[in-house]
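Heads up: the structure comes next, in structure tokens.
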Number of protein chains: 2
Amino acid sequence: MILEKKKAFNEFAAAKGLRSTRQRDIILDFFLSTHQHVSVEELYLKIKASHPGIGHATVYRTLKLFTEAGLAREILLHDGQTRYEHALAGEHHDHLVCTGCNAIIEFEDETIEKLQKEIATRHGFMIRSHKLEIYGLCAECRAAQ
Amino acid sequence: MILEKKKAFNEFAAAKGLRSTRQRDIILDFFLSTHQHVSVEELYLKIKASHPGIGHATVYRTLKLFTEAGLAREILLHDGQTRYEHALAGEHHDHLVCTGCNAIIEFEDETIEKLQKEIATRHGFMIRSHKLEIYGLCAECRAAQ
DNA sequence: TATGCTTTTGATTTTCAATTTCAATTGTGT
DNA sequence: ACACAATTGAAATTGAAAATCAAAAGCATA
Ligand SMILES: [Mn+2]
Ligand SMILES: [Mn+2]
Ligand SMILES: [Zn+2]
Ligand SMILES: [Zn+2]
């Protein structure tokens, strides 16, 4: 799993003529070992603990590279922080976001996806991407009210 | 239409103990006479032309008030600028956003709304709001390719 | 292994939207 | 008119993200 992702990134880097650097290896290791939906700052701080030399800019740049390589997906929720999640080829999902505890629940709905395509067709629109986010309170936060 | 909105805001202001000010009247007039999905900066510049004294901060603050009052809805698309649209009581819609010409097409789909509720229920989640944005190219931008 | 060229890095600066600050101004009840 | 709280707006601040650029590192070649 992790090895496959590393291989995929190496192939992407080779195809693009990118150099292999210690920093990119470290950032990839940390990214692959995080939970989903990590923010750049969170990842940066985690890395900094054991690799104090690595800078903000490199983390920002490298996550963009991972996205380009298809390993990561950028998530922009309503809190002004860009987050990244692990992207799996051919996989797509949307998010339920708890405004109480910031938990994120993933879901997929084939019917919703299909209806979106129909709406786009009806308007002569060609879909490139979409985002569906449902904000509210998760079961625990509702109980804690 | 416009008079009703003004009345609605006055009632909200009265209930909240807000004072009636020249600035809020002006900003409301301009907001009500704009097209949909206006950014704060766009609205500020429009107002500034005839009312140079009005400041950024007041426009920001007042649009937040309109949102609280239910006259406006905040829209955060992928361009880093908060936009506001006219909110109509009981009305909801989502957006097709053209990345070519920045056109925004509105749509409603009862089935999608219903499916979202079902998904939320399945996860014990209480919905407070949601956003569905479909990004891509509108018919004209496709043709112009 | 050394050379030379190019990419990459990271401290720092810059950007930009949005918010905060706070002294001056304004609205409102008395 | 007065008192006092709310409001305003210029300016400063914030925070995320991008840009800058000299130094460091990677890599092809000798
Ligand atoms: Mn996810
Ligand atoms: Mn709209
Ligand atoms: Zn929660
Ligand atoms: Zn278009």
Side-chain angles (χ1 to χ4, degrees), chain A residues 9-31 37-69 72-84 102, chain B residues 9-31 37-69 72-84 102:
Chain A
F9 182 66
N10 288 338
E11 278 162 17
F12 167 83
K16 259 211 134 191
L18 300 179
R19 292 181 179 173
S20 123
T21 70
R22 197 175 46 84
Q23 286 89 339
R24 298 212 263 237
D25 285 348
I26 292 166
I27 297 169
L28 184 52
D29 278 339
F30 272 83
F31 175 65
H37 319 115
V38 70
S39 75
V40 183
E41 187 63 17
E42 278 165 15
L43 191 61
Y44 167 72
L45 289 175
K46 249 177 215 161
I47 293 172
K48 219 179 85 164
S50 47
H51 300 85
I54 289 184
H56 266 101
T58 305
V59 180
Y60 274 101
R61 282 189 289 235
T62 306
L63 285 170
K64 289 216 171 285
L65 274 184
F66 294 167
T67 304
E68 229 192 299
R73 189 158 72 115
E74 238 180 63
I75 309 286
L76 292 122
L77 305 176
H78 272 201
D79 71 343
Q81 291 232 136
T82 300
R83 300 183 166 275
Y84 287 88
N102 296 312
Chain B
F9 182 66
N10 288 337
E11 277 162 18
F12 167 84
K16 260 213 133 191
L18 300 179
R19 291 179 180 175
S20 123
T21 71
R22 197 175 46 85
Q23 286 88 339
R24 298 212 264 239
D25 285 347
I26 292 166
I27 296 169
L28 184 53
D29 277 339
F30 273 83
F31 175 65
H37 317 116
V38 69
S39 76
V40 183
E41 186 63 17
E42 278 164 15
L43 191 61
Y44 166 72
L45 289 176
K46 246 176 218 161
I47 293 171
K48 219 179 86 163
S50 46
H51 300 85
I54 289 184
H56 266 102
T58 304
V59 179
Y60 274 100
R61 284 189 286 235
T62 305
L63 285 170
K64 288 213 172 289
L65 274 184
F66 293 168
T67 304
E68 229 193 300
R73 189 158 73 116
E74 236 181 62
I75 310 286
L76 291 122
L77 304 177
H78 273 201
D79 71 341
Q81 291 233 134
T82 301
R83 300 182 166 276
Y84 287 87
N102 298 312

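Computation of the quantities below employed the complete heavy-atom set of this structure, encompassing side-chain atoms and omitting hydrogens, waters and symmetry-equivalent molecules. By convention in this document, chain letters (A, B, ...) are assigned in the order of the sequence lines, proteins followed by strands, and residues within each chain are numbered from 1.
- For dA18(C), the OP1/OP2 oxygens have no side-chain nitrogen or oxygen of K64(B) closer than 4.0 Å.
- Shown are E74(B), H37(B), R73(B), E42(B); of these, the side-chain hydrogen bond (donor to acceptor under 3.5 Å, both in side chains) with Y84(B) is made only by E74(B).
- The two residues H56(A) and E41(A) have their closest heavy-atom pair at NE2-OE1, 2.8 Å.
- Per the geometry, CZ belonging to R61(A) stands 11 Å off C1' belonging to dT7(C), to the nearest Å.
- Taking each heavy atom of T67(B) and L63(B) in turn, the nearest pair found is OG1-O, 2.9 Å.
- Distances were taken from every side-chain heavy atom of T58(B) (C-beta onward) to each of dG9(D), dT6(C), dT7(D); the shortest belongs to dG9(D).
- Note on G53(A): only backbone sugar-phosphate atoms sit closer than 4.0 angstrom, heavy atoms only; bases stay farther off.
- The aromatic rings of F9(B) and F66(B) sit perpendicular, their planes meeting at an angle over 60°, well past the 30° parallel limit.
- In this structure, Q81(B) reaches the sugar-phosphate backbone alone: every heavy-atom distance under 4.0 Å involves primed, P, OP1 or OP2 atoms, never a base.
- Taking atom CG on L63(B) and atom C1' on dA17(C), their separation rounds to 14 Å, with Å as the unit.
- Remark: P of dT19(C) and NE2 of H56(B) are 12 Å apart, rounded to the nearest angstrom.
- In this structure, the nucleotide among dA10(D), dA19(D), dC27(D) sitting nearest to the side chain of R19(A) is dC27(D).
- Of the two residues near DNA chain C, A57(B) and L18(B), the one whose nearest nucleotide lies more 5' is A57(B).
- One interatomic measurement links the two molecules: CG of L43(B) to C1' of dA18(C), which rounds to 15 Å at whole-angstrom precision.
- Within the nucleic acid shown, K16(B) has no heavy atom closer than 4.0 Å to any nucleic acid atom.
- Checking the phosphate oxygens (OP1, OP2) of dT8(D), a side-chain nitrogen or oxygen of T21(B) falls inside 4.0 Å.
- For the pair T82(B) and dA18(C), the criterion of a side-chain N or O lying under 4.0 Å from OP1 or OP2 is met.
- Separating the CD atom of E74(B) from the P atom of dT19(C) is a distance of 8 Å, rounded to the nearest angstrom.
- Here the P atom of nucleotide dA16(D) and the CZ atom of R83(A) are 11 Å apart, to the nearest Å.
- Here R24(B) lies in heavy-atom contact (under 4.0 Å) with sugar-phosphate atoms only.
- Taking 4.0 angstrom as the limit, Q23(B) places none of its side-chain polar atoms (N or O) nearer than this to OP1 or OP2 of dT7(D).
- I27(B) places its CD1 atom 11 Å from the C1' atom of dG9(D), with the value rounded to the nearest Å.
- Candidate nucleotides dG9(D), dT7(D), dA17(C) were compared by shortest atom distance to the side chain of Y60(B), and dA17(C) ranks first.
- Per the geometry, CD1 belonging to I54(A) stands 12 Å off C1' belonging to dT8(C), to the nearest Å.
- Using cut-offs of 30° and 60° on the angle between ring planes, the pair F30(A) and H51(A) is perpendicular.
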